[in-house]
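Working notes, structure below.
Note that the structure is a prediction, hence the values are computed from the model and not measured. Ligands are counted one by one from 1 in listed order, and the atoms in each one are counted from 1 as well.
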Amino acid sequence: MGLNEIRLGVNIDHVATVRNARGTSYPDPLMAAKIVKEAGGDGITAHLREDRRHIVDQDISRLKQQNVLPLNLEMAATDEMQKIALDVLPNAVCLVPEKREERTTEGGLNVSKKISSLRSFIEPIKQKDIRVSLFIEPSEKQIDAAKSIGADIIELHTGYFCDLYEKNDKNYIEVIKTIEKAAKYAYKLGLEVHAGHGLTTGSVGYISKIREIRELNIGHAIISDSIFMGLGGAIEIMKQKIKEARLYRVYE
Ligand code: PXP
């Protein structure tokens, strides 16, 4: 893969958030994965949280079984999640910090503080040929730590940049420079560089320009845009069904 190519991993957690809000079987994250593929997405990212607030275990097994696109399982570094990863065998796992009370992943993983525990945590996962990614802040200290424990990939946290960008706070320019410097540093060390969190159609261009970044993982903005971009179509189908029933009395 050349430096010009960049993959898009689509995070489908919030399809499950909508489903779980009503306890129905729809919208189905697996169907979302199929549409992601048809639309040219390169991978599926799903975060199995400890509290199962969106994606649940069955979603992960179905996504893996149907193998629509490579599966990147986001998870906390806990014994429970390690067991699931070794059982499901996703293409990659991305380790993220997780707090119960947070709304979404806040901040990157502090790898430098947990070198030996993370090294032993990822060992059996790597042995199963699952690629290991660490979601970290764009800092050389964290990148060095990721490299030293044997991670294959780092995913740079773009949340701070995106917050500033959304507030139109021009300090985002400095943050982009930090992300770019980190991406180049990690690339030179031989790590594959990904990025994600908070990216929108407005902010994604700044990150996409960084040649060393090979993959972006984007969820909330894509699922949000799909509500408006697809809402018209959903209403049209509903109206058509209503009209058809009136005209042809299909249920009599
Ligand atoms: N990458 C990681 C590691 C994440 O934790 C998340 C959020 O689950 C994303 C990417 C996607 O972020 P967003 O939903 O804000 O696009």
Side-chain angles (χ1 to χ4, degrees), residues 6-18 20 29 32-33 36 41-56 59-60 63 69-78 81 85 90-111 118 122 131-138 142-143 146 151-167 172 175 179 182-183 186 191-208 213-227:
I6 185 161
R7 291 188 299 260
L8 173 63
V10 179
N11 182 315
I12 56 171
D13 292 350
H14 297 313
V15 175
T17 304
V18 175
N20 297 359
V36 168
D42 302 291
I44 296 298
T45 292
H47 186 174
L48 187 65
R49 292 187 75 100
E50 187 198 2
D51 62 9
R52 309 299 198 269
R53 69 173 77 152
H54 36 58
I55 292 292
V56 297
D59 295 323
I60 296 294
L63 286 164
L69 280 172
L71 176 64
N72 174 31
L73 173 62
E74 273 180 22
M75 60 185 217
T78 62
M81 291 299 154
N91 301 77
V93 299
C94 178
L95 297 183
V96 299
E98 197 176 295
K99 289 193 222 111
R100 239 170 205 278
E101 62 281 8
E102 71 190 356
R103 244 189 283 172
T104 179
T105 316
E106 291 164 4
L109 198 62
N110 194 342
V111 186
L118 282 174
I122 68 172
R131 304 184 79 214
V132 173
S133 173
L134 304 176
F135 187 48
I136 58 172
E137 295 297 331
Q142 296 302 335
I143 294 168
D152 304 288
I153 305 163
I154 53 151
E155 180 166 330
L156 296 172
H157 198 314
T158 53
Y160 182 47
F161 155 66
C162 292
D163 279 351
L164 295 174
Y165 177 85
E166 294 307 319
K167 287 183 205 143
Y172 73 74
V175 184
I179 295 174
L191 289 160
E192 186 170 310
V193 187
H194 298 179
H197 209 281
L199 292 168
T200 61
T201 51
S203 54
V204 74
Y206 294 86
I207 299 292
S208 308
I213 294 178
R214 290 301 183 78
E215 180 174 307
L216 298 177
N217 283 301
I218 308 181
H220 185 64
I222 292 180
I223 302 304
S224 303
D225 286 344
S226 75
I227 293 175

Does any N/O atom on [X] come nearer than 3.5 Å to any N/O atom on ligand 1?
| X | value |
| --- | --- |
| His47 | no |
| Gly198 | yes |
| Glu74 | yes |
| Gly219 | yes |

Which atoms of ligand 1 have any heavy atom of Asn217 under 4.0 Å away?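 What qualifies from ligand 1 is 10 (C), 11 (C).
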Taking only non-hydrogen atoms of Val96 and a 4.0 Å limit, the atoms of ligand 1 in range are 3 (C)
In this structure, atom 14 (O) of ligand 1 is nearest to the protein heavy atom His220 N, 2.8 Å
Closest non-hydrogen protein atom to atom 7 (C) of ligand 1, residue and atom name please, with distance?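 Scanning the protein heavy atoms, the shortest distance from atom 7 (C) of ligand 1 goes to His197 CD2, 3.7 Å.
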query = Around atom OH of Tyr160, are there more than 12 heavy atoms of other residues, nucleotides or ligands at under 6.0 Å?
reply =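 No, OH of Tyr160 has 12 or fewer neighbouring heavy atoms, counting only those of other groups under 6.0 Å.
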Under the criterion side chain to side chain contact (heavy atoms under 4.5 Å, CB included), I'd like the reasoning laid out for Gln142 against Ile154: C-alpha separation, chi angles, the key distance, then a yes or no.
CA-CA 9 Å; Gln142 296 302 335; Ile154 53 151; over 6 Å; no
### Query
Would Ala221 count as a contact of ligand 1 if the rule is a heavy atom under 4.0 Å away?
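Flag not set, Ala221 not near ligand 1.
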Checklist entry - Using a distance-only test with no angle check, is there a side-chain donor-acceptor pair under 3.5 angstrom linking Asn72 and Thr45? => result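 Yes.
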Using the rule given for side chain to side chain contact (heavy atoms under 4.5 Å, CB included), can you reason through Asp59 versus Ile12, listing the C-alpha separation, both sets of side-chain angles and the distance that settles it, and then say yes or no? CA-CA 10 Å; Asp59 295 323; Ile12 56 171; over 6 Å; no
Step by step, would you call Leu8 with Ile222 a side chain to side chain contact (heavy atoms under 4.5 Å, CB included)?
CA-CA 11 Å; Leu8 173 63; Ile222 292 180; 4.3 Å; yes
(request) Mind checking whether Glu155 contacts ligand 1 via backbone (N, CA, C, O), side chain (CB onward), both or neither, at a 4.0 Å heavy-atom cut-off? (result)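 Contact part for Glu155 vs ligand 1: side chain (C-beta onward).
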Can you check whether Cys94's main-chain N or O pairs, donor with acceptor, with Glu155's side chain at less than 3.5 Å? no
Requested in this report: Tell me, with the steps shown, if Glu215 and Asp42 meet side chain to side chain contact (heavy atoms under 4.5 Å, CB included).
Outcome: CA-CA 9 Å; Glu215 180 174 307; Asp42 302 291; over 6 Å; no
